[in-house]
K.L.:
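Pasting a structure below so you can have a look.
Just so it is clear, the model here is predicted, and its values are computed rather than measured.
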Amino acid sequence: MEGAWDIAFLLFQVWLSIVVGLIVLPAMFGVSLGFTDIYIKVLVKTLEWATLRIQRGQKEQPTLPLQSASGIIEKDDGSMEEEIGELRRSHPKNLAGGDFTLCDAFYFCKKGIENIVEDQVTQRFTSEELASWNLLTRTNSNFRYISVRLTIIWGLGVFIRYCILLPLRITLAVIGLSWLVIGTTLSNDRCFLYLSHGMHNRENRPKKGGICVANHTSPIDIVILANDGCYAMVGQVHGGLMGVIQRSMVRSCPHVWFERSEMKDRHATAKRLKDHIADKTKLPILIFPEGTCINNTSVMMFKKGSFEIGGTIYPVAIKYDPQFGDAFWNSAKYNMVSYILRMMTSWAIVCNVWYLPPMTRQDGEDAVHFANRVKSAIAQQGGLVDLSWDGGLKREKVKESFKEEQQKMYSSMIVGLDCHETSPNPVPPFSPTSLPV
């Protein structure tokens with residue numbers, strides 16, 4: 001028995017020596033031995049081969065109709081006025097001052113059914129669907145058995161991810177956390193191996209006394225950005241493992257954590273933020289104005305609070321490559337421990353980061369329009385869909401004001417008023433709970 005323990009201890013020493021000698025020490029001095037680059041190149045070639053093999057198998061075998069690239073169903077992009085006008089072709093009426101027509105009800109029924117099947121909000125809180133399988137256990141709905149060779153490659157991938165990459169990443173994480181506790185930092189993000197990213201337009205990096213705002217996909221957004229600069233963070237108080245991390249972080253830097261449900265706490269948070277940016281010697285504040293994680297396909301409504309406190313806004317666009325792993329954290333489905341396990345058993349987490357030119361509030365521009373302008377710039381740069389919906393709909397119901405706007409829009413068509421005069425804010429598209437009935 002003692003011999004077995006001696007062998008196990010020897011193997012552990014060899015393993016630790018390899019990890020420290022080939023990964024940790026070079027990372028400490030900012031040197032890369034090229035292992036990550038080689039790993040990514042081999043992985044890309046393997047996934048390209050798997051994609052070609054899947055495509056060939058789909059041609060050889062009868063297949064079911066694949067899901068539409070834009071979703072489960074195809075939707076019309078026309079306005080309410082255009083689509084109702086199309087319905088009224090058999091009984092023309094002047095929409096500007098028209099009367100109610102019974103066929104108008106079909107428009108609302110159609111929109112209701114479409115959004116019950118697939119609305120614009122719910123699909124943003126599920127994992128992004130891939131065009132082809134990436135050999136992960138968490139596959140897309142279009143995959144099915146293709147060949148023995150592809151199945152063997154998948155099995156080999158499971159062994160590599162769980163028996164080699166997972167122990168390696170756990171070892172590196174333990175070493176990294178231990179050294180951070182004693183004040184030592186690792187200067188090269190490649191020591192974690194599974195984090196690889198491209199930083200673009202680094203001359204626009206946030207400066208002290210400024211506010212950095214970014215779209216939010218995953219808790220590791222912070223890790224990605226922190227590898228290129230230091231930030232004071234603002235966010236909601238969490239429980240569990242995330243709460244432990246938050247309490248540890250606040251000991252080293254004046255981060256701001258708040259309870260979203262407490263109004264008094266929100267006012268106190270706003271004051272602390274104003275005091276922070278007033279001191280140009282303090283680190284820039286990192287804020288995710290969406291308030292929740294979105295699945296790497298879209299940018300949802302930015303909360304206006306971050307844009308009311310003044311100061312210079314430094315927008316940052318973050319876009320992950322889903323080919324190598326799903327970085328999205330579905331907090332309603334996975335706790336933090338489960339999410340970290342999924343990350344550590346992915347092939348890699350690859351992303352691009354764009355630093356956009358700094359933006360300031362224009363004369364006469366309110367916080368809502370400023371937030372929308374920043375959000376649109378981030379969405380355009382990252383190739384993300386720009387949505388007006390509030391990410392809070394992940395856990396809450398649609399506000400009554402949204403329902404009223406849809407009702408006002410239809411009413412204006414009946415009584416002949418300009419619906420855009422009733423509200424200065426754009427009306428979001430339909431959702432299952434915003435029908436004007």
Side-chain angles (χ1 to χ4, degrees), residues 204-216 221-222 225 231-237 246 250 253-294 298-318 355-382 384 386-396 398-402 405 423-428:
N204 295 324
R205 284 189 300 175
K207 296 179 173 57
K208 291 184 176 181
I211 302 174
C212 174
V213 298
N215 58 301
H216 198 22
D221 293 341
I222 300 170
L225 294 177
Y231 298 90
M233 284 172 285
V234 179
Q236 183 180 359
V237 174
Q246 286 182 319
V250 81
C253 184
H255 304 293
V256 180
W257 310 125
F258 62 90
E259 290 286 356
R260 196 182 306 278
S261 59
E262 297 181 10
M263 185 61 66
K264 292 182 180 180
D265 197 26
R266 291 170 62 183
H267 290 306
T269 300
K271 184 179 184 305
R272 290 173 64 186
L273 294 178
K274 290 181 180 179
D275 294 340
H276 187 102
I277 65 173
D279 188 348
K280 300 304 179 182
T281 63
K282 290 187 176 181
L283 294 173
I285 298 174
L286 175 59
I287 301 178
F288 300 105
E290 290 167 298
T292 189
C293 293
I294 312 298
S298 314
V299 181
M300 303 190 76
M301 186 182 80
F302 279 8
K303 304 293 193 301
K304 66 178 182 178
S306 307
F307 303 87
E308 290 178 326
I309 59 180
T312 302
I313 299 294
Y314 294 88
V316 175
I318 303 174
Y355 295 105
L356 279 64
M359 303 174 68
T360 55
R361 196 163 159 181
Q362 299 174 350
D363 294 337
E365 185 178 38
D366 61 21
V368 174
H369 286 87
F370 184 31
N372 288 334
R373 184 160 60 90
V374 174
K375 175 170 68 76
S376 297
I378 290 176
Q380 182 178 5
Q381 180 63 73
L384 304 167
D386 187 359
L387 296 177
S388 300
W389 289 108
D390 184 357
L393 293 174
K394 183 178 184 178
R395 301 178 180 86
E396 302 172 357
V398 173
K399 296 179 181 178
E400 290 296 326
S401 59
F402 284 160
E405 289 297 336
S423 173
N425 296 322
V427 180

K.L.:
How far does CD1 of Ile285 sit from CG of Leu273, to the nearest 0.5 angstrom?
P.N.:
4.5 Å

K.L.:
Got a second to check how far Glu308's CD is from Lys303's NZ, nearest 0.5 Å?
P.N.:
13.0 Å

K.L.:
So, for Gln381 and Leu356, which heavy atoms are closest and what is the spacing to 0.1 Å?
P.N.:
CG-CD1, 3.8 Å

K.L.:
How long is the straight-line distance from CG of Asp386 back to CE of Met300, given to the nearest 0.5 Å?
P.N.:
10.5 Å

K.L.:
Could you verify whether a donor N or O on one side chain and an acceptor N or O on the other, from Asn372 and His369, lie under 3.5 Å apart?
P.N.:
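Judged by distance alone, the side chains do not pair up.
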
K.L.:
Taking all atoms of both residues into account, what is the closest heavy-atom pair of Ser306 and Ile313, and its distance?
P.N.:
O-CD1, 4.2 Å

K.L.:
Can you list the residues that meet the ring-ring contact (aromatic ring centres under 6.0 Å, His included) rule with Phe370, with sequence neighbours excluded?
P.N.:
Phe307

K.L.:
Please list every donor-acceptor pair under 3.5 Å in which a side-chain atom of residues 206-216 meets a protein atom from a residue at least two apart or in another chain.
P.N.:
unit_1 : atom_1 : unit_2 : atom_2 : d
Asn215 : OD1    : Ile318 : N      : 2.8
Asn215 : ND2    : Ile318 : O      : 2.8
His216 : ND1    : Asp221 : OD2    : 2.8

K.L.:
So which atom in Ile378 and which in Pro315 form the shortest heavy-atom distance, rounded to 0.1 Å?
P.N.:
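That would be CG1-CB, 3.9 Å.
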
K.L.:
Look at the side chain of His276 and the backbone N and O of Leu283, then say whether any donor-acceptor pair between them is shorter than 3.5 Å.
P.N.:
yes

K.L.:
Please tell me if the side chains of Ile222 and Phe288 come closer than 4.5 Å, counting only heavy atoms from C-beta onward.
P.N.:
yes

K.L.:
Does Lys304 have more than 12 heavy atoms from other residues, nucleotides or ligands lying within 6.0 Å of its NZ?
P.N.:
no

K.L.:
Are any side-chain N or O atoms of Lys375 and backbone N or O atoms of Glu290, one a donor and one an acceptor, separated by less than 3.5 Å?
P.N.:
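No.
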
K.L.:
Do other residues, nucleotides or ligands put more than 12 heavy atoms under 6.0 Å from Gln380 CD?
P.N.:
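Counting other residues, nucleotides and ligands, CD of Gln380 stays at 12 neighbours or fewer.
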
K.L.:
Are side-chain heavy atoms of Arg205 and Val316 found at a separation under 4.5 Å?
P.N.:
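Not touching, per the 4.5 Å side-chain cut-off.
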
K.L.:
With rounding to the nearest 0.5 angstrom, report the CE to CD1 distance, Met301 to Ile294.
P.N.:
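Taking CE in Met301 and CD1 in Ile294, the distance rounds to 11.0 Å.
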
